[in-house]
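Accompanying notes for the structure given below.
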Amino acid sequence: MMFLQSDFNFLLNGCTSFKQIKQVHAQLLHRGLDQCCYLLAKLVRTLSKLGVPMDAYSRPVFERVTSPNPFLWTAMIRGYSLQDGCLSQSVGFYCRMRRAGSRPLSFTFSALFKTCGAVKEMGLGRQIHAQTILVGGFVSDLYVGNTLMDMYVKCGVLGCARRVFDEMPERDVVSWTELIVAHAKGGDMELAEDLFGELPVKDKVAWTAMVTGYAQNARPREALYIFERMKNAGVLTDEVTLISVISACAQLGVSRYANSVRVVAETSGFGACESVLVGSALVDMYSKCGSVDVAFEVFEKMKQRNVYSYSSMIAGFAMHGRAHAAIQLFHDMVKLEIKPNHVTFIGVLTACSHASLVEQGRQVFASMEKHYGVAPSVEHYTCIVDLLGRAGRLEEALKVIETMPMEPNGGVWGALLGACRRLKNPSIARHAANHLFELEPNAIGNYMLLSNIYASAGMWDGVSEVRKLMRERGLKKNLGYSWIEAENGEIHQFSSGDTIHPMYTEIKRALEDLLNRLKAHNGYLPKLDSVVYDLSDDEKKRLLMTHSEKLALVYGLITIDGGCTIKIMKNLRICEDCHVVMCGASKITGREIIIRDNMRFHHFCDGKCSCGDFW
DNA sequence: CTAGGGTTAG
């Protein structure tokens with residue numbers, strides 16, 4: 001008998017299809033093992049792992065057993081808990097189990113908690129929590145405690161999770177990490193950092209949780225700092241860690257560090273060739289670092305590509321203004337039968353938008369649902385509004401907003417407002433802005449944009465009205481800043497009007513010199529309507545000179561080797577005056593300049609920008 | 001058995 005049991009155990013372990021399991025089960029019945037709970041539990045677990053619905057096979061098998069043991073009961077509970085929408089069956093089996101007088105196991109509870117967390121059924125979770133106390137012994141079980149914490153975290157009640165943590169008689173690194181992640185996801189990195197500091201033994205997952213926490217909270221520099229500490233602590237990197245680190249690099253846009261991360265990825269066996277995930281992340285990272293060609297190299301080297309890889313590359317081409325490459329890639333993926341998803345289409349539509357390919361964009365939009373089964377969402381409508389707006393068709397864009405099948409959100413109105421800035425149309429701008437002030441009362445950028453549009457139309461009453469509104473709502477202008485990677489990999493950040501940089505006087509002198517040369521050779525005149533304040537022309541000129549991207553540019557011109565491209569990152573949208581200066585600077589210095597603002601990339605080369613002065 | 005993960009839009 002024992003021999004047969006282990007035999008069947010082995011057979012079940014090797015099953016990879018429903019059919020095979022059925023064959024093994026038939027054998028089992030043949031040998032008279034239809035009441036062997038140990039093997040039946042295994043059978044149920046295997047079926048559930050393969051995704052066979054519980055009612056299809058496991059349930060009838062179970063119902064023929066006269067006295068199930070706790071393992072078989074638990075297999076049923078777990079099976080239903082893993083199946084979508086079967087929480088009630090799962091709980092039903094738990095109740096039957098209790099009525100039958102069977103004593104639950106620790107993983108009976110963990111299965112239930114897992115489902116409660118997945119469907120955010122906190123009420124039920126609490127009841128089962130009470131049960132664990134009632135049944136006794138389980139509250140102190142490490143594994144039960146961890147899954148219980150996880151349930152409370154998923155239900156969004158951090159306080160309860162914390163209480164469980166505090167009451168656990170022993171905790172392991174999983175318990176700590178659970179709590180760290182919970183706080184990180186809630187945006188409280190300070191608390192996460194405190195917990196991490198207290199954690200006695202930090203493993204790879206715990207370190208990664210910190211890296212990811214910073215990366216997802218838009219604090220890439222701290223993410224990279226933690227990653228450095230992790231490496232120094234001798235903890236090995238894996239695929240998951242890399243993805244977060246790569247995402248941090250993408251946010252920062254710093255190429256030297258990015259290159260070193262790529263080397264780490266390749267030497268740890270998770271390079272673009274081996275891992276689709278890392279590969280796709282690298283594609284995104286290089287695109288956002290301004291190196292769209294390197295991104296494409298990585299893309300081409302990848303052994304496998306999926307919808308993420310293609311979407312990332314398409315988006316990469318789009319943000320660099322390479323519309324045709326983006327569209328070509330889209331057709332390639334369709335030909336290879338990789339099904340595009342909603343993100344893919346955002347990339348394609350953005351590409352059309354940045355290249356003013358209105359008809360092309362419309363065709364893609366129309367085909368989304370018809371040919372690819374992707375229903376346009378509000379984000380896709382945003383792209384269309386942007387497409388029409390950039391092409392100067394404001395009325396049509398407005399019409400789209402008024403007739404779209406869902407409620408327009410801030411993104412949609414924002415796209416319209418953005419278009420009004422370039423086309424200098426204060427009346428539609430006001431209309432869009434009014435919606436935005438309702439939908440996003442605290443988004444400072446909208447106020448700045450409207451006042452910008454009023455300012456360039458000379459409508460100073462409008463400007464002061466907007467400023468009054470901002471004052472009433474307690475909003476302050478976002479400080480603009482730019483950063484640039486020095487030759488040694490250090491990041492130098494400049495704020496507008498910054499005087500604290502050690503090379504400040506040198507930078508200021510060089511900037512004056514550059515502007516004078518631009519005036520002499522290119523007939524440059526400061527674009528005074530880029531200034532939103534009603535100031536004298538001289539004051540406006542002075543203010544324009546302090547813009548952070550100009551400081552960063554000059555720092556780059558002075559310190560970065562002549563053959564290298566100057567790459568500058570900026571947190572806000574580049575202003576028109578700075579754009580003109582960058583064009584001119586690329587011409588008279590013969591240098592290639594790339595600026596990533598919060599919208600897209602600008603490649604300045606020989607006096608021209610890849611955005612075609614159209615952004 | 002429990003903890004960490006990818007692409008997007010103004």
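Residue numbers begin at 1 in each chain, while the letters A, B, ... track the order of the sequences. What you see is a predicted model, and the numbers here were worked out from it, not measured in a lab.
- Between B/dG10, B/dT8, B/dA3, one nucleotide has an atom nearer to the side chain of A/V174 than all others, and that is B/dA3.
- Taking the side chain to side chain contact (heavy atoms under 4.5 Å, CB included) definition, one finds that A/M302 meets it with A/A272, A/V276, A/S280, A/V283, A/R305, A/S309, sequence neighbours left out.
- Among the heavy atoms of the strands lying under 4.0 Å from A/S312 are primed sugar atoms or P, OP1, OP2 only; no base atom is included.
- A/K288 comes within 4.0 angstrom of the backbone, heavy atoms only, and of no base.
- Applying the ring-ring contact (aromatic ring centres under 6.0 Å, His included) test to pairs two or more places apart or on separate chains, those with a residue in residues 376-397 of chain A are A/F365-A/Y381.
- Across all strands shown, A/T241 has heavy atoms under 4.0 Å from base atoms, whether or not it also approaches the sugar-phosphate.
- Contact between the side-chain N/O atoms of A/K49 and the OP1/OP2 oxygens of B/dC1 is not found at any separation under 4.0 Å.
- The side chain to side chain donor-acceptor pair (under 3.5 Å) check on A/E297 picks up nothing, with sequence neighbours excluded.
- Across all strands shown, A/G411 has heavy atoms under 4.0 Å from base atoms, whether or not it also approaches the sugar-phosphate.
- Contacts with DNA chain B (heavy atom under 4.0 Å) in residues 205-213 of chain A: A/V205, A/T208, A/T212, listed by number.
- As judged by a 4.0 angstrom heavy-atom cut-off over every strand, A/L436 is placed among the base-contacting residues.
- Partners of A/Y372 according to the side chain to side chain donor-acceptor pair (under 3.5 Å) rule, which considers only residues two or more places apart in sequence or in another chain, do not exist here.
- The residue A/Q216 sits close only to the backbone: its heavy atoms come under 4.0 Å of sugar-phosphate atoms, none of a base.
- Candidate nucleotides B/dT2, B/dG10, B/dG4 were compared by shortest atom distance to the side chain of A/M599, and B/dG10 ranks first.
- Scanning atom types as modelled, one donor and one acceptor separated by under 3.5 angstrom connect the side chain of A/D238 and the base of B/dG4.
- You'll find the ring centres of A/Y286 and A/F296 outside the 6.0 Å limit.
- Considering only side-chain atoms of A/S309, the nucleotide from B/dT8, B/dG10, B/dG6 that sits closest is B/dG6.
- Remark: A/T147 engages A/S110, A/F113, A/Y143 in a side chain to side chain contact (heavy atoms under 4.5 Å, CB included) (not counting sequence neighbours).
- Heavy atoms of A/V412 sit nowhere under 4.0 angstrom from any nucleic acid atom.
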